Amino acid sequence: MSAEGEPREELLCLVRSLRERLRIDGELGRPLSYLTREGEVAGAVRGERSTQTAREFPVVKMSGLDAVRELLGDCRRCPLHRTRHSLVFGEGNPEADLVFVGEAPGADEDAQGRPFVGRAGQLLTKIIGAMGLKREEVYICNILKCRPPGNRNPQPDEIAPCEPFLIRQLEAIRPRVICALGTFSAHTLLKSEAPISVLRGRFHSYQGILLMPTYHPAYLLRNPGAKKQVWEDVQMIMQTLRDGT
Ligand code: URA
């Protein structure tokens, strides 16, 4: 694609993503929630509804992660549905203080329908253990819910329709800390294109939630020397969770 075509493609992706968010908000009974006053948005995130919204929009029949999973359904919003074996929604504690967001399912995850169960997943499980936590205590999901063939990088036209569901998952859980695993996760959540080596090592804000980018466990398998930096990053997360800040 030419350099001139890139901003146009980016804009198209943004429009697609926004359209999908509006559609999902509509189905959840809270259209244009981010255009309401701040208190109403916070209430909507907690599943509460203001009198005004309740009068104007239909009653929410389901709440939280189950509602998001229901909306996702047997998703065919991007071409990845043709090659996937299973859709990997995410798993863990729906009230987790800490959410890990990876890139996309790999072959093992696609086969089992669960996130981070292959070699990189086993390393993530060890990292979680070293933090003094169990896998069941945190929530684990990905930017993409379906495996890109051959584990290639996620494409903008795959991220755009999938991102609204991640946004809704994070809204439903409302964790204290998000740990973005790897470049694609950090770039998608932070809307930044800075290298992960620059982004990691400090907290950023995602919708008012602390977000720590760090190296992806698959990168650590290839570059074990980077484990030191990941350990520094997760120690900052642990300290924050301990402090209750
Ligand atoms: N890599 C990811 O980013 N996510 C998974 O679920 C597995 C491997």
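This one's a predicted model, so the numbers in the text were calculated from it and none came from an experiment. We count ligands from 1, going down the list as the structure has it; atoms in each ligand are counted the same way.
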Worksheet entry | Which segment of E109 sits under 4.0 Å of ligand 1 when only heavy atoms are counted | side chain
Practice prompt. If you have a sec, work out which protein heavy atom is nearest atom 4 (N) of ligand 1 and how many Å separate them, to one decimal?
Written response: N142 OD1, 2.7 Å
Worksheet entry | Proximity flag H216 to ligand 1, non-hydrogen atoms under 4.0 Å | yes
Discussion item. Under 3.5 Å, is there a donor on one side chain and an acceptor on the other for D243 and Q239?
Written reply: yes
Worksheet item: Quick one: CZ on R200 to CE on M212, what's the gap to the nearest 0.5 Å?
Response: 8.0 Å
Discussion item. Please state which option from G102, A104, P115 has its nearest heavy atom closest to atom 5 (C) of ligand 1.
Written reply: A104
Discussion item. Under a 3.5 Å cutoff, is there a donor and acceptor pairing between the side chains of R135 and T125?
Written reply: yes
Worksheet entry | Numbered atoms and elements of ligand 1 in range of E103, under 4.0 angstrom, heavy atoms | 2 (C), 3 (O)
Item to complete: For ring pair (Phe, Tyr, Trp, His ring centres under 6.0 Å), just list the numbers for F100 and H216, CA-CA rounded to whole Å, side-chain angles, deciding distance to a tenth of an Å, and then say yes or no.
Response: CA-CA 10 Å; F100 289 92; H216 194 286; over 10 Å; no
Discussion item. If the test is side-chain contact (heavy atoms from CB on, under 4.5 Å), which one of V99, V117, I128 qualifies with I140?
Written reply: I128
Worksheet item: Hey, is ligand 1 close enough to F116 that some N/O pair sits below 3.5 Å?
Response: yes
